[in-house]
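Since the model is a prediction, treat every value here as computed from it, not as a measurement.
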Amino acid sequence: MSRAPQKRRVATHERLIAAAKDIVASAGYADLRVEEVVLRAGVAKGTFFSHFSDKDALLEALIGDELTRAMAIVAASDVPQNADEFAAALAPLIAAMGTQRAAFDVILRNSGAMNSTTYGPIAKSFVDQVILMTDWMTDHRRVRQDVAPALLAEGVQAFVVQAIAMQFCAVESQVPLQDRLRAYLDAWLFPRP
């Protein structure tokens with residue numbers, strides 16, 4: 001007997017996600033409103049809150065899915081050998097993180113675990129990024145050897161976030177993001193003697 005209510009709950013959840021994706025596709029993350037989501041999904045507002053604690057939880061689910069897709073593309077790429085290749089390999093992730101200011105704000109708020117036992121899809125993506133880039137750095141003959149691979153990976157991650165943040169800054173946005181990132185990566189990973 002519990003299977004029918006479970007199927008109904010899954011279907012309702014999928015309708016909420018689909019409605020939210022439609023709104024984001026047409027109006028962006030900044031214009032996503034719970035009222036519009038429930039109207040498009042054909043459910044009551046209380047039903048929304050039985051699936052998501054708040055709008056940020058819905059945003060985290062949507063953006064987390066985008067980051068997961070982007071990470072799959074990044075993980076399938078060859079190990080980058082220089083700053084240009086690093087920037088190119090990370091481009092899908094940068095696109096997912098840096099297209100809309102509202103999404104980037106949610107990413108920053110949710111990039112770390114809220115406690116030691118649970119973390120959401122955005123925090124998981126940040127962990128996965130460091131793991132992947134640590135693997136890239138391990139046994140990489142061209143990157144600097146005086147810093148642990150995990151720290152190099154965390155630095156790359158920080159530079160990605162900084163480069164995206166600078167694109168949302170009116171004074172600094174004239175430098176193309178990929179150019180800024182390549183300069184950071186070149187200085188961090190491939191220092192000159």
Side-chain angles (χ1 to χ4, degrees), residues 24-25 27-32 56 59-114 119-193:
V24 168
Y29 286 105
D31 290 333
L32 184 70
D56 263 9
L59 287 170
E60 183 176 11
L62 295 174
I63 295 166
D65 284 349
E66 285 189 41
L67 293 177
T68 298
R69 281 191 296 279
M71 276 301 297
I73 295 167
V74 173
S77 66
D78 292 332
V79 175
Q81 298 301 310
N82 56 47
D84 289 336
E85 289 181 15
F86 267 88
L90 295 171
L93 186 61
I94 291 165
M97 291 174 62
T99 303
Q100 296 181 43
R101 173 66 188 256
F104 187 62
D105 290 346
V106 171
I107 289 167
L108 291 180
R109 285 196 310 273
N110 292 283
S111 61
M114 298 300 275
Y119 54 93
I122 292 173
K124 182 182 180 326
S125 173
F126 270 63
V127 169
D128 292 346
Q129 292 168 38
V130 170
I131 291 169
L132 174 64
M133 288 187 285
T134 298
D135 288 346
W136 285 353
M137 305 301 171
T138 304
D139 299 325
H140 193 298
R141 298 189 198 315
R142 299 190 66 200
V143 297
R144 63 191 296 176
Q145 300 295 306
D146 61 327
V147 176
L151 183 57
L152 289 174
E154 289 176 6
V156 170
Q157 186 178 61
F159 287 129
V160 166
V161 169
Q162 176 66 10
I164 294 169
M166 296 304 273
Q167 288 305 115
F168 293 118
C169 176
V171 176
E172 297 292 335
S173 63
Q174 65 275 17
V175 177
L177 188 147
Q178 289 290 341
D179 291 349
R180 184 182 306 278
L181 181 59
R182 274 192 296 274
Y184 291 155
L185 297 177
D186 199 39
W188 176 239
L189 296 176
F190 307 100
R192 307 299 183 266

**Study point:** Intermediate values then yes/no, side chain to side chain contact (heavy atoms under 4.5 Å, CB included), L62 and L32
**Key:** CA-CA 11 Å; L62 295 174; L32 184 70; 4.2 Å; yes
Practice item. Could you walk me through whether W136 and V156 pass the side chain to side chain contact (heavy atoms under 4.5 Å, CB included) test, one step at a time? Key: CA-CA 11 Å; W136 285 353; V156 170; over 6 Å; no
Practice item. Test F159 against F86 for side chain to side chain contact (heavy atoms under 4.5 Å, CB included), laying out the working first. Key: CA-CA 12 Å; F159 287 129; F86 267 88; over 6 Å; no
Practice item. Decide yes or no on side chain to side chain contact (heavy atoms under 4.5 Å, CB included) for F104 and I164, but give the supporting numbers first. Key: CA-CA 8 Å; F104 187 62; I164 294 169; 3.4 Å; yes
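Between Q178 and A91, the shortest heavy-atom contact is NE2-CB, 3.9 Å. A pairwise comparison of heavy atoms in L151 and W188 identifies O-CZ2, 3.7 Å as the closest pair. Nearest heavy atom pair, residue T134 against residue A150, reads OG1-CA, 3.3 Å. When all heavy atoms of G98 and F168 are compared, the closest pair comes out as O-CZ, 3.4 Å. The shortest non-hydrogen separation linking A30 to A102 is N-CB, 3.7 Å. Between A70 and P92 the shortest heavy-atom distance is CB-O, 3.5 Å.
Between M97 and V161, the closest side-chain pair of non-hydrogen atoms falls below 4.5 Å.
Here the OG atom belonging to S111 is positioned 10.0 Å from the CD atom belonging to E60, to the nearest 0.5 angstrom. Rounded to the nearest 0.5 angstrom, Y184 OH and M166 CE are separated by 5.0 Å. Distance CD/Q167 to CD/Q174: 9.0 Å, rounded to 0.5 Å. We find the CD1-CG distance between I73 and L90 to be 12.5 Å, quoted to the nearest 0.5 Å. In this structure, CG on L108 lies 6.5 Å from CZ on F126, to the nearest 0.5 angstrom. Note that CD1 of I122 is 9.0 Å distant from CZ of R109, once rounded to the nearest 0.5 Å.
A donor-acceptor pair is defined here as one N or O able to donate and one able to accept, closer than 3.5 Å; no such pair exists between the side chain of D179 and the backbone of V175. Looking at T68, its side chain does come within 3.5 Å of a backbone N or O of G64 through a donor-acceptor pair.
Considering D128, L93, V74 in turn, L93 is the only one that fulfils the side chain to side chain contact (heavy atoms under 4.5 Å, CB included) rule with L67.
Qualifying side chain to side chain donor-acceptor pair (under 3.5 Å) partners for Q157, counting only residues two or more places apart in sequence or in other chains: Q129. In this structure D105 satisfies the side chain to side chain donor-acceptor pair (under 3.5 Å) test together with R101, sequence neighbours excluded.
Residue pairs satisfying the side chain to side chain donor-acceptor pair (under 3.5 Å) criterion with at least one member in residues 141-154, sequence neighbours excluded, are listed as follows: R144-D146.
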